[in-house]
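Being a predicted model, the structure only gives us computed values, none of them experimental. Numbers for residues simply follow the sequence, beginning at 1. The figures that follow rest on heavy atoms only: side chains count, while hydrogens, waters and symmetry mates do not.
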Amino acid sequence: MARTLDTPRPTSTAAGGPAPGRRFRQSAGRQHHAGPLTYVLLALAAVVSLFPLYWNVVAASHTGERVVEAPAPLLPGPRLFDNLTFAWNQVDMGEALINTTIVASLVAVSTVLFSTLAGFAFAKLPFRGRTMLLSLVVATMTIPPQLSVIPLYQIVTDLGWVDQLQSVVLPSLVAAFGVFFMRQFLVEALPVELVEAARMDGAHSLRVIWHVVFPVARPAMAVLGMLVFVQSWNDFFWPFIALTPDGNPTLQVALAGLGAGNHSVDHAIVLTGALISTVPLLLVFAFLGKHIVGGITAGAVKS
């Protein structure tokens, strides 16, 4: 009598239900939707994030005495335009805004350019001492900026650059963080075969950088430029030393002399100046945020 072999059947978690492997394959391409709890948490995070900006607007629309009272005001008042006019004229906010735009733009462009070139060299160009030089660059990030203030101020004084914008721009032309950031991005994003193929086609170094490195590094350059621009826009420590509120100030230096009276500080005027300095950054994010996020997501997709 012949012996028959029973073939094993796929098991199911319930009677008549699909096998776990089949269930996973069926749900792999299904789009998952966020539940109500996710929207509640996102709305709560948005409220917490936007409340400081909202209260800044509220404080800028009241008098200084009302801002420091308890409880603090939570609804806008009638003095917003009066405070804006007073703050704009007290410290020549227009000149400070132009100076800050020039400084932040130059620092962002130069940092992105030099950091991309240095990051490409550290990532893809073999040369002697590359690891040691990269370690030295990264080690400079651990040095507090306060230690370099005295020698830097002596150099600026000897060059006659006190109260001039180049005293703020030139020391910030490149940053160690930017070099390390671009190097880490190009190590993974730029294949060495692409560089070698361009050189085999007769492209010189500048052509390789312009037509190969820059297109690949564009998402990281956009992120680095945004970070450096915001950091330079909000920088206060060194510009406050190199510039003066009455000479050639940036926004943060101008805000230091805003709202000062004989014996007290008008906090409503100070917060009004802070609101003026925040609006340009909000406009930049409103107009360029979609392009920056699009560049990041485009660089993250592998073909």
Shared hydrophobic cluster for [X] and [Y] (ILVMFWY, side-chain gaps under 4.5 Å):
X	Y	result
Val109	Val228	no
Val253	Leu275	no
Val107	Ile241	yes
Met141	Met132	no

Got a sec, which residues hit side-chain contact (heavy atoms from CB on, under 4.5 Å) with [X], two or more places apart in sequence or on another chain?
X	result
Leu282	Leu53, Thr278
Arg66	His62, Thr63, Glu69, Pro73
Leu147	Ile143, Pro144
Val137	Phe122, Ala176, Val179

For Trp238 and Val149, which heavy atoms make the closest approach, and how far apart are they?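 Minimum heavy-atom separation between Trp238 and Val149: CZ3-O, 4.2 Å.
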Contacts of [X] that satisfy ring pair (Phe, Tyr, Trp, His ring centres under 6.0 Å) - sequence neighbours left out:
X	answer
Trp233	Phe229
Phe181	Phe177
Phe240	Phe236

Pairwise distance OG(Ser277) to CG(Asn234) - rounded to 0.5 angstrom: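 Here the interatomic distance stands at 7.0 Å.
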Counting only pairs under 3.5 Å, give me each side-chain donor-acceptor contact of residues 182-205, with atom names and distances, residues two or more places apart or in other chains.
{"residue": "His204", "atom": "ND1", "partner": "Leu206", "partner atom": "N", "Å": "3.4"}
{"residue": "His204", "atom": "ND1", "partner": "Arg207", "partner atom": "N", "Å": "3.3"}

Using distance only, find each side-chain donor-acceptor pair of residues 94-103 under 3.5 Å and give its atom names and separation, not counting sequence neighbours.
{"residue": "Asn99", "atom": "ND2", "partner": "Glu95", "partner atom": "O", "Å": "3.3"}
{"residue": "Asn99", "atom": "ND2", "partner": "Asn248", "partner atom": "OD1", "Å": "3.0"}
{"residue": "Asn99", "atom": "ND2", "partner": "Pro249", "partner atom": "O", "Å": "2.9"}
{"residue": "Thr100", "atom": "OG1", "partner": "Ala96", "partner atom": "O", "Å": "2.7"}
{"residue": "Thr100", "atom": "OG1", "partner": "Leu251", "partner atom": "N", "Å": "2.7"}
{"residue": "Thr101", "atom": "OG1", "partner": "Leu97", "partner atom": "O", "Å": "2.8"}

What donor-acceptor contacts under 3.5 angstrom involve side-chain atoms of residues 164-171, with partners at least two apart or in another chain?
{"residue": "Gln164", "atom": "OE1", "partner": "Gln166", "partner atom": "NE2", "Å": "2.4"}
{"residue": "Gln164", "atom": "NE2", "partner": "Gly160", "partner atom": "O", "Å": "3.3"}
{"residue": "Ser167", "atom": "OG", "partner": "Trp161", "partner atom": "O", "Å": "3.4"}
{"residue": "Ser167", "atom": "OG", "partner": "Gln164", "partner atom": "O", "Å": "2.5"}

Name all residues meeting the side-chain hydrogen bond (donor to acceptor under 3.5 Å, both in side chains) criterion together with Asp163; count only those two or more places apart in sequence or in a different chain, and write none if there are none.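 Checked Asp163 against side-chain hydrogen bond (donor to acceptor under 3.5 Å, both in side chains); matches are Thr244.
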ILVMFWY cluster membership beyond Val67 - transitive side-chain contacts under 4.5 angstrom: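 Joined to Val67, directly or through intermediates: Phe51, Tyr54, Trp55, Val58, Leu74, Leu75, Leu271.
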